[in-house]
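Just below is one structure, and these are the notes that go with it.
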Amino acid sequence: MATTGTRTFRNFIGGEWADAASGETFESLSPATGEALGTFPKSGPEDIERAVAAAKEAWDDWRLTPAPERANLLYRFAQLLGEQKGELIDLMTREMGKVKAEAGGDVQEAIDMSLYMAGEGRRMFGQTTPSELRDKFMMSVRMPIGVVGAITPWNFPIAIPAWKLAPALVCGNTIVFKPAEDTPLLAERFVELLTEAGCPRGVVNIVHGFGETAGDALVRHPDVAVITFTGSRETGVAVTHAAADRLKHVHLELGGKNGIIVMEDADLDLAVEGIVWSAFGTSGQRCTAASRVIVDERVYDELQKRLVARAEAMRIGPGWEDDTDLGPVINRAAIDKIHAYTKIGTDEGARLLTGGEIATGGELEKGFFYRPTVFAEVDPQMRIAQEEIFGPTTALIRVRDFDEAIRVANGIRYGLSSSIFTQDVNRAFRAMRDLQAGITYVNAGTTGAEVHLPFGGTKDTGNGHREAGQAALDVFTEWKSIYVDYSGRLQRAQIDNVRPSG
Ligand code: NAD
């Protein structure tokens, strides 16, 4: 079992622990303290090659293992996650930085997803339909595809691997998992628990390392049939290019610039709760974070006042402390980027109401902490209203009415999550219809997806696939249509069944 400290960890390939072929390593650092949590192999193409070969070999048997038996692995895994939840929460507050309640939610999401996908082991329905010919039977079945390359970000370090690995496994695929370089220890624990749950050797392999080397080699490998990727839009484009020559299946879950609409009839206290949770939860580092708040001018001033008061009352600190509201952001590059956007916002003419600075003093000195930041009088075309900042920064945009609110909400390149606070059922239904996003919330913030509905976005947030729910099965299976003719003679579709007309 892994422990924190300066322990050295390895890749897990074909059931064996292995260093990177190059012998190179990198460290995982706590964003709250800078403390090293472990040393990991900095892998390259050679390591990917070995992992893919192991996954390919394991596929021969795993694809033939009955789906309900594959599901049993996920039931056991869910149980182990539950037993280790406390340890994983503690580790997540240290390695990724989110606060305890959110870390608990992250682990619970993985438990829920594993249980949901285990249920698919006894469903995974296909179709039967009548043939146009006598004595002929037709059906469609889902077939596993082969080796899946899973590339994940650091912001949901247990949940996102589960969103990918649980459906891929129950559908009968084998996996090479390249986790984010900022959260390798949690990924390591994830794979250790899967192994403890009884995952056969080679079915799940983990290769640590950086995107441009290990990740790219995985995407380009000819024996990897499916790439499931969650990360930034820019990397998603690079992955698509790299996979194109081999016509691989590519599943992308990318960035967001999610907006909450607050109409004049909204319950303002509830709206402020929703905004605080969506804009500052996980320090704004959720793909579904509310980085825009689109407010009817009749309640704009009041909402602004209440939001600023709430932002200023948030307690900043390490995620593991009980009274922390806002943990650190992931690393130096993230805090530099967030702070650069504060300058961009002020240079563009937006009014900085609160925050806009690196939080320092006492225990904060050693980590990457940023004050919750609210900009007002933001024009919808400003960069802070268009680009993903991925930090605790939100932009208030003033609108005259519902139609303008919808136009502004849709006026971005992304289409992940959206929300409206209103008491008017007609407006709520119009928003559900007209907001261009994969997810719409009514009278709730932009986050809070459950595992049994599809998750993903329109426009530049992805490429049309969805994670979670039944939709995830489409990523990890291919349809086969099967025709069985039991007439004992050649029957020709579209020819032998044609009756003379008239
Ligand atoms: P990132 O794109 O920098 O990295 C994601 C992963 O891709 C990492 O494992 C990284 O090593 C790897 N990678 C980087 N370059 C690569 C390359 N050339 N080839 C192959 N792999 C490569 O993203 P991040 O900073 O880890 O995560 C934040 C981003 O993820 C944000 O944009 C956020 O919105 C997005 N995200 C989206 C969802 C969603 O479901 N839509 C969920 C969480 C996060």
Side-chain angles (χ1 to χ4, degrees), residues 26 28 31 40 42-45 48 96 98 106 109 113 149-164 176-184 186-187 206-221 224 227-244 248 250-258 282-291 329-334 337-338 387-391 412-417 437-439 446-447 449 451 454-468 471-472 475:
F26 68 99
S28 175
F40 292 84
K42 196 168 166 186
S43 313
I48 291 290
M96 184 274 157
K98 62 177 78 174
D106 195 310
E109 214 168 304
M113 181 58 83
I151 302 178
T152 56
W154 44 267
N155 64 336
F156 283 86
I158 294 290
I160 290 181
W163 284 49
K164 299 185 179 308
V176 176
F177 172 29
K178 205 301 281 173
E181 48 270 40
D182 284 296
T183 49
L186 286 156
I206 185 168
V207 179
H208 293 286
F210 288 76
E212 300 72 17
T213 44
D216 184 67
L218 183 58
V219 172
R220 289 178 193 276
H221 198 291
V224 176
I227 291 292
T228 173
F229 170 85
T230 299
S232 62
R233 179 192 177 278
E234 293 65 32
T235 313
V237 171
V239 164
T240 305
H241 281 294
K248 285 176 196 249
V250 178
H251 160 226
L252 302 174
E253 299 292 341
L254 310 177
K257 190 70 191 173
N258 314 290
T282 317
S283 300
Q285 303 167 110
R286 293 180 182 130
C287 51
T288 53
S291 50
V329 299
I330 190 70
N331 54 30
R332 165 79 53 205
K337 177 179 171 192
I338 294 161
E387 298 171 15
E388 190 181 42
I389 300 172
F390 226 54
I412 46 160
R413 75 191 315 172
Y414 296 107
L416 183 50
S417 187
I439 306 167
T446 47
T447 97
V451 301
F455 180 91
T458 60
K459 303 198 280 188
D460 279 15
T461 294
N463 58 352
H465 292 288
R466 289 292 182 271
E467 224 145 22
V475 174

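In each ligand, atom 1 is the first atom listed, and ligand 1 is the first ligand listed.
For the pair R466/F455, no side-chain contact is recorded, criterion being any heavy-atom separation below 4.5 Å from C-beta on. Inter-residue side-chain proximity for T152 and F177 is flagged as met; some heavy-atom pair is nearer than 4.5 Å.
Counting the atoms of ligand 1 from 1 in the order shown, those under 4.0 Å from a heavy atom of E181 are 8 (C), 9 (O), 10 (C), 11 (O). If you number the atoms of ligand 1 from 1 as listed, the ones under 4.0 Å from a heavy atom of A180 come out as 9 (O). Interface of D216 with ligand 1, defined as ligand atoms under 4.0 Å from a residue heavy atom, comprises 19 (N), 20 (C).
Residue pairs meeting the side-chain hydrogen bond (donor to acceptor under 3.5 Å, both in side chains) criterion with at least one partner in residues 209-219, sequence neighbours excluded, are D216-R220.
In this structure, N463 contributes its side chain and V250 its backbone to a donor-acceptor pair below 3.5 Å. Proximity of a side-chain donor or acceptor of K248 to a complementary backbone N or O of V224 within less than 3.5 Å is detected.
Protein heavy atom nearest atom 28 (C) of ligand 1, with residue, atom name and distance: F390 CE2, 3.6 Å. Summary of contacts: the protein heavy atom closest to atom 12 (C) of ligand 1 is I151 CG2, 3.6 Å. Regarding atom 23 (O) of ligand 1, its nearest protein heavy-atom neighbour is S232 N, 3.5 Å. Shortest contact from atom 20 (C) of ligand 1 to any protein heavy atom: G215 C, 3.4 Å. Nearest to atom 24 (P) of ligand 1 among the protein's heavy atoms is W154 NE1, 3.5 Å. Looking from atom 35 (C) of ligand 1 to the surrounding protein, the closest heavy atom is G231 O, 3.2 Å. Residue, atom and distance of the protein heavy atom nearest to atom 37 (C) of ligand 1 are L254 O, 3.1 Å. The protein heavy-atom contact nearest to atom 27 (O) of ligand 1 is P153 CB, 3.3 Å.
Note: F26 and F40 have tilted aromatic rings, judged against thresholds of 30 and 60 degrees for the angle between ring planes.
Considering each of E388, Q285, K337, E253, the one bringing a non-hydrogen atom nearest atom 32 (O) of ligand 1 is E388. When the options T213, N155, I330 are ranked by their closest heavy atom to atom 44 (C) of ligand 1, first place goes to N155. Heavy-atom proximity to atom 18 (N) of ligand 1, evaluated over G211, G236, A243, is greatest for G211. Ranked by closest heavy atom to atom 36 (N) of ligand 1, the top entry among A159, C287, G462 is C287. Among I160, T235, T152, V237, the residue whose heavy atom sits closest to atom 6 (C) of ligand 1 is T152.
In this structure, W163 has no heavy atom closer than 4.0 Å to ligand 1.
Residue contacts with ligand 1 for T230 involve both N, CA, C or O and side-chain atoms from C-beta outward (heavy atoms, distance under 4.0 Å).
Using a cutoff of 4.0 Å between basic side-chain nitrogens and carboxylate oxygens, K257 and E387 are not scored as salt-bridged.
Partners of E253 by salt bridge (Lys or Arg N to Asp or Glu O under 4.0 Å), not counting sequence neighbours: none found.
Counted by atom type alone, T228 and K164 present one or more donor-acceptor pairs between their side chains at under 3.5 Å. Checked by atom type, the side-chain pair W154/E181 shows no donor-acceptor distance below 3.5 Å.
T461 and L416 get closest at one heavy-atom pair: OG1-N, 3.5 Å.
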